[in-house]
Amino acid sequence: MNTPIDELHTLRDWLRYAVSRFREAGLYFGHGCDNAFDEAAWLILHTLHLPLDRLDPFLDARLTKNERLAVHNILQRRIVKRLPTAYLTQQAWLGEHRFYVDERVIVPRSYFAKLLEDGLAPWVEEPENITQALDLCTGSGCLAILMALAFPNAQVDAVDLSQDALAVARHNIKDYGLEDHVHPVESDLFNALHGKRYDLILSNPPYVTRAAMEALPPEYQHEPIMALAAGEDGLDIVRRILAEAASHLNPGGLLAVEVGHNQAIVEAAFPELPLTWIDTDDGEGKIFLLHREQLNLGNR
C-alpha cells in the first residue's frame with residue numbers, strides 16, 4: 001500500500017497535502033499564523049532548512065526520501081498531537097524578531113510588539129529618558145528584549161514566577177547579547193522588587209477568564225496554564241498589578257497592561273481609574289495605560 005511518502009515528491013506536493021490535512025483535522029491557527037497555508041509553508045520550510053521567506057523558488061524541488069520522512073513526521077505531530085508549530089520549530093516571531101520557545105512558556109503573541117517598534121510613542125516622548133524598566137510576567141523574555149532594544153539607556157528587569165520560563169528567557173537574552181541590559185528576576189509580581197522603582201512598567205499578564213479557558217482549542221492546552229488562567233473574570237493578576245504598581249513607579253512613570261478582549265470587564269471593575277486605551281493595527285482596546293499619579297486615584 002502506497003503512503004504519502006511514496007506518492008508526494010515535490011515541495012509543492014507536500015504543501016498541498018499539508019493544507020488539506022490541516023483543514024481536514026480542524027486545526028486551530030493562533031500561534032503565529034492565521035491560516036493553514038501559511039502554517040504549512042512555515043513548518044515544511046523549517047523542516048527542510050530553507051529560508052522561511054522564499055517559498056516560490058523551491059516549490060518544484062524534489063525531496064529526498066529522508067526529507068519526505070522528516071516532513072511527514074512533523075506534519076503528523078502537528079495534526080495528531082495538535083502541537084503549535086512554534087513548539088515544533090522551537091521558534092516564534094514578534095515582527096522581525098525571532099525567539100526561542102518550548103513548552104515551558106506560552107508562545108509569544110502580544111499587541112505590545114508593534115508599539116515597541118516605535119518606542120511606545122507618543123506616550124513615551126523621549127525613549128532615551130527611560131533608564132529603569134520592568135516587564136512583569138515576562139515568560140520567554142520577548143517583551144523585555146524588545147524594551148531593551150527600544151530604550152537603549154534602560155536596565156530592564158524581566159520578572160516571572162516560573163523558574164522554567166526564566167530559563168527560556170535567559171536563553172533568549174543571551175541570543176540577543178543583552179545580558180548587561182536585561183535581568184531575569186524570579187518573583188511573584190512585585191514581591192521580590194523591594195524598593196525598586198521604574199520609569200516604565202509593562203505587563204502582558206495572564207488574563208483568560210474561566211469560561212474562556214474551558215473553551216480554548218486543543219493547541220492552547222499545551223501551554224502553561226499559569227501563563228493563561230486568571231480566575232473567574234480574568235483579572236486576578238491585573239488587580240494585584242494595579243494595587244501595587246504606583247509604589248514601584250517613579251514620578252511621571254507609566255504603567256501599560258495588555259488585557260486582550262477584556263476591556264469591558266476592566267472598565268467595569270475599575271470605574272474610578274482614568275484608563276487610556278491604545279489601538280494597534282492588530283486590535284482595538286487591548287492595552288491600557290496609566291501614569292503613577294492616575295494610579296493613586298484608585299488607591300484612595
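Between F22 and F29, the ring planes lie tilted relative to each other; the angle falls in the 30° to 60° range. Between W14 and Y17, the two ring planes are perpendicular [angle over 60°; tilted spans 30° to 60°].
The CD1 atom of I106 sits 9.5 Å away from atom SG of C137, with the distance rounded to the nearest 0.5 Å. One finds the CG atom of L202 at 6.0 Å from the CG atom of L116 (value rounded to the nearest 0.5 Å).
One side chain, D199 or T131, offers a donor N or O that lies under 3.5 Å from an acceptor on the other. E258 and S110 form a side-chain donor-acceptor contact under 3.5 Å, judged by distance and modelled atom types alone. For the residue pair W277 / E267, a side-chain donor-acceptor distance below 3.5 Å is found, with atom types taken as modelled. A side-chain N or O of R16 and one of S20 form a donor-acceptor pair less than 3.5 Å apart. Side-chain atoms of N204 and Y111 form no donor-acceptor pair, as typed in the model, at a separation below 3.5 Å.
Side-chain N or O atoms of N35 include one that pairs as donor or acceptor with a backbone N or O of D38 at under 3.5 Å. Between the side chain of H222 and the backbone N or O of K81 there is at least one donor-acceptor pair closer than 3.5 Å. Side chain of R109 to main chain of V107: a donor-acceptor pair is present (N/O by atom type, distance under 3.5 Å, no hydrogens or angles). Using modelled atom types, one side-chain atom of D160 and one backbone atom of G139 make a donor-acceptor pair closer than 3.5 Å.
The number of heavy-atom neighbours closer than 6.0 Å to CD of Q221, taken from other residues, nucleotides and ligands shown, is above 12. By the neighbour-count criterion of 12 heavy atoms within 6.0 Å, atom NE2 of H183 is densely surrounded, having more than that number from other residues, nucleotides or ligands. Within 6.0 Å of atom CD1 in I225, 12 or fewer heavy atoms from other residues, nucleotides or ligands are found, so the atom counts as exposed in its surroundings. The number of heavy atoms from other shown groups lying within 6.0 Å of CZ (F37) does not exceed 12.
In summary, of the residues considered (R77, E39, E219, Q91), a side-chain hydrogen bond (donor to acceptor under 3.5 Å, both in side chains) with T85 occurs for E39 alone.
Among all heavy-atom pairs drawn from A246 and R292, the shortest one is O-NE, 3.5 Å. Pairing each heavy atom of A269 with each of L235, the nearest pair is CB-CD1, 3.7 Å. Scanning all heavy atoms of the two residues, the minimum distance from A86 to V101 falls at O-CG2, 3.5 Å. The heavy-atom pair separating L249 from L254 by the smallest distance is CD2-O, 3.6 Å. The two residues L166 and P184 have their closest heavy-atom pair at CD2-CB, 4.0 Å. For S187 against A192, the heavy-atom pair with the smallest separation is OG-N, 2.9 Å.
Using a 4.0 Å cut-off between a side-chain N of Lys or Arg and a carboxylate O of Asp or Glu, D175 and R98 do not qualify as a salt bridge. Checked for salt-bridge contact, R12 and D56 miss the test: no charged N lies under 4.0 Å from a carboxylate O.
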If you apply the rule salt bridge (Lys or Arg N to Asp or Glu O under 4.0 Å), what do you find for E223 with R82, and how did you get there? CA-CA 12 Å; E223 297 184 293; R82 300 291 291 264; over 6 Å; no
For D233 and R210, run salt bridge (Lys or Arg N to Asp or Glu O under 4.0 Å): C-alpha distance rounded to whole Å, both residues' side-chain angles, the deciding distance at 0.1 Å, then the answer. CA-CA 7 Å; D233 64 356; R210 189 180 310 281; over 6 Å; no
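Here Y220 and H31 bring their ring centres to under 6.0 angstrom of each other.
Side-chain heavy atoms closer than 4.5 Å link hydrophobic residues (I, L, V, M, F, W, Y) into clusters, and following such links, possibly through other members, connects L15 to L88.
Looking only at side-chain heavy atoms (C-beta outward), E232 and T209 stay at 4.5 Å or farther from each other.
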